[in-house]
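Residue numbering restarts at 1 for every chain, and letters A, B, ... go by the order of the sequence lines. For the numbers below, each heavy atom of this structure counts, side chains included, while hydrogens, waters and symmetry mates do not.
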Protein chains: 2
Amino acid sequence: MKKTVFVFSALIIALLILFQLSKYSYISGDLSIEVGIAVVAVVFFIIGIYINKRTLNRERQVSNPIDPEKIEKLGISKREYEVLLCISKGLSNKEIAEQLFVSESTIKTHVSNLLVKLNAKRRTQAIQNAKNLKILAV
Amino acid sequence: MKKTVFVFSALIIALLILFQLSKYSYISGDLSIEVGIAVVAVVFFIIGIYINKRTLNRERQVSNPIDPEKIEKLGISKREYEVLLCISKGLSNKEIAEQLFVSESTIKTHVSNLLVKLNAKRRTQAIQNAKNLKILAV
DNA sequence: AGCTTTTTGGTACTTTAGTATGAGCGCCTT
DNA sequence: AAGGCGCTCATACTAAAGTACCAAAAAGCT
């Protein structure tokens with residue numbers, strides 16, 4: 001927010017400077033009005049692109065956030081979420097066990113708990129539900 | 001492409017008109033230079049936003065297309081692709097069979113073929129690979 | 001320290017997934 | 001008409017996945 005205020009202040013100052021420049025150039029006659037207008041046009045063209053890009057990027061981030069609060073609300077623990085990430089990568093229980101340095105039994109327990117918490121019957125469904133709940137990147 | 005050319009032509013014409021307007025207003029004195037510049041600024045600001053939005057939208061579409069050619073290239077048949085879609089929805093073989101009005105054996109055959117074609121060991125991995133190959137919406 | 005939650009692990013079992021193989025049927029192409 | 005391809009289905013099997021229940025460390029909290 002502070003940044004936005006700063007940028008807009010700079011913009012207004014720049015505009016005023018341009019106004020003054022155009023006046024001086026008109027009086028002194030060493031710069032044509034067309035050049036001044038062209039400068040203004042280019043500057044604001046770039047500003048338009050810049051601001052729009054920032055806005056759209058923000059929208060894009062907002063449209064696909066992973067929501068830590070929702071994870072907590074579902075009672076999914078840290079370790080369980082790690083397992084969920086591995087499942088979404090397409091790993092088997094054994095592979096997950098190797099990657100997290102625990103036994104396959106442990107992973108099975110985690111997965112079983114995850115399925116209950118995500119209200120799913122299978123791991124593939126768990127992935128889908130998790131994405132709908134915004135706790136996994138789509 | 002035609003559209004782009006048309007838009008840019010219109011822009012150049014508009015700019016020329018603005019130039020002439022500013023000259024006339026300067027001569028006749030009934031419009032200040034500042035107003036002219038302000039108009040140019042606003043117009044190009046809007047143009048900047050418009051063009052940028054179009055470009056970003058195009059990028060967004062390009063960044064996530066499902067590529068029918070790639071499906072064909074992998075030798076995935078129409079029916080197999082239907083099964084793949086069901087898998088990505090998190091359905092079990094039995095549920096897919098019911099939805100497509102065939103036996104579970106048939107689905108198993110399709111899935112087995114899909115795993116080979118997608119170079120996957122499990123259905124969850126098949127989903128991931130398919131997304132990486134741009135044949136499933138991310 | 002005492003209590004709770006998390007993480008870990010096991011056994012025993014059921015269900016689902018996946019493989020291998022064979023086979024019949026319809027459609028299209030040569 | 002014959003061969004190729006896609007779709008269908010079955011059997012028999014192996015391998016994963018998932019359930020139920022229990023239990024003991026480990027970590028966090030008050």
Side-chain angles (χ1 to χ4, degrees), chain A residues 66-133 135-136, chain B residues 66-133 135-136:
Chain A
I66 53 175
D67 187 349
E69 289 182 28
K70 204 162 258 171
I71 297 174
E72 205 180 346
K73 211 187 302 176
L74 290 167
I76 295 174
S77 72
K78 195 172 157 188
R79 198 60 159 170
E80 283 166 355
Y81 188 69
E82 285 186 86
V83 173
L84 179 58
L85 286 176
C86 289
I87 290 176
S88 77
K89 286 177 191 161
L91 301 179
S92 69
N93 288 340
K94 190 182 281 182
E95 286 169 341
I96 298 171
E98 287 167 8
Q99 192 163 325
L100 300 182
F101 303 106
V102 292
S103 79
E104 197 184 335
S105 301
T106 306
I107 300 302
K108 282 191 176 185
T109 307
H110 287 321
V111 172
S112 230
N113 291 333
L114 272 171
L115 293 181
V116 173
K117 289 171 183 176
L118 288 171
N119 193 30
K121 296 199 195 89
R122 285 164 293 284
R123 47 172 57 208
T124 48
Q125 201 177 26
I127 296 172
Q128 268 306 114
N129 291 355
K131 285 178 179 176
N132 290 337
L133 289 167
I135 64 177
L136 266 186
Chain B
I66 53 175
D67 187 350
E69 290 181 28
K70 203 161 259 173
I71 297 174
E72 205 180 346
K73 212 187 301 177
L74 291 167
I76 295 175
S77 73
K78 195 173 156 187
R79 198 61 161 169
E80 284 166 354
Y81 189 70
E82 286 186 84
V83 174
L84 179 58
L85 286 176
C86 289
I87 290 176
S88 77
K89 285 176 190 160
L91 301 179
S92 70
N93 288 339
K94 189 182 281 183
E95 286 168 341
I96 298 171
E98 286 167 8
Q99 192 163 326
L100 299 182
F101 303 108
V102 293
S103 78
E104 197 185 337
S105 302
T106 307
I107 301 303
K108 281 191 177 186
T109 307
H110 287 320
V111 172
S112 229
N113 292 333
L114 272 172
L115 293 181
V116 173
K117 290 171 183 175
L118 289 171
N119 193 29
K121 296 199 196 89
R122 285 164 293 284
R123 46 173 56 208
T124 48
Q125 201 177 25
I127 295 173
Q128 268 306 114
N129 291 354
K131 285 178 179 178
N132 290 337
L133 290 167
I135 65 178
L136 266 186

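- In 5' to 3' order, the nucleotides of DNA chain D bounding all contacts with chain A (an atom under 4.0 Å from a heavy atom) are D:dA17 to D:dT19.
- Using a 4.0 Å cut-off on heavy atoms, none of the residues of residues 78-89 of chain A approach DNA chain D.
- Salt bridge annotation for B:E72-B:K78: absent, with no cationic side-chain nitrogen under 4.0 angstrom from a carboxylate oxygen.
- What separates CD1 of A:I76 from P of C:dT7 is a distance of 12 Å, to the nearest Å.
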Requested in this report: Could you go through the side chain to side chain contact (heavy atoms under 4.5 Å, CB included) check for B:L133 and B:I71 one step at a time?
Outcome: CA-CA 9 Å; B:L133 290 167; B:I71 297 174; over 6 Å; no

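- Take B:E82 and apply the salt bridge (charged side-chain N to carboxylate O under 4.0 Å, His left out) test, not counting sequence neighbours, and it matches B:R79.
- Bending across the helix from C:dA1-D:dT30 to C:dT30-D:dA1, expressed as the angle between its end axes from five pairs apiece, amounts to 50° (10° rounding).
- Within the 4.5 Å cutoff, no side-chain heavy atoms of B:I87 are placed close to those of B:L91.
- In this structure a side-chain-to-backbone donor-acceptor pair under 3.5 Å is present from B:E95 to B:S92.
- Put simply, the side chain of B:L136 reaches to within 4.5 Å of the side chain of B:Y81, judged on heavy atoms.
- Between A:I66 and A:I135 there is no side-chain heavy-atom pair separated by less than 4.5 Å.
- For B:N119, the CG atom counts as loosely surrounded, since its 6.0 Å shell holds 12 or fewer non-hydrogen atoms of other residues, nucleotides or ligands.
- B:R122 contributes a side-chain N or O that, together with a main-chain N or O of A:G90, makes up a donor-acceptor pair within less than 3.5 Å.
- No hydrogens or angles considered: nothing links the side chains of A:T106 and A:T109 as a donor-acceptor pair under 3.5 Å.
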Enumerate the protein-to-nucleotides 24-30 of chain C contacts in which both atoms are nitrogen or oxygen and the separation is below 3.5 Å.
none

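- In this structure a side-chain-to-backbone donor-acceptor pair under 3.5 Å is present from A:Q125 to A:K121.
- Taking NZ of A:K131 as the reference point, atom OG of B:S88 lies at 8.5 Å (rounded to 0.5 Å).
- Less than 4.0 Å separates DNA chain D from at least one heavy atom of each of the following residues of residues 99-130 of chain A: A:K108, A:V111, A:S112, A:L115, A:R122, A:R123.
- Looking at A:Q99, its side chain never comes within 3.5 Å of a backbone N or O of A:I96 through a donor-acceptor pair.
- Remark: A:S77 OG to A:E80 CD distance equals 3.5 Å, nearest 0.5 Å.
- You'll find the side chain of B:L115 stays beyond 4.5 Å of the side chain of B:S112, heavy atoms only.
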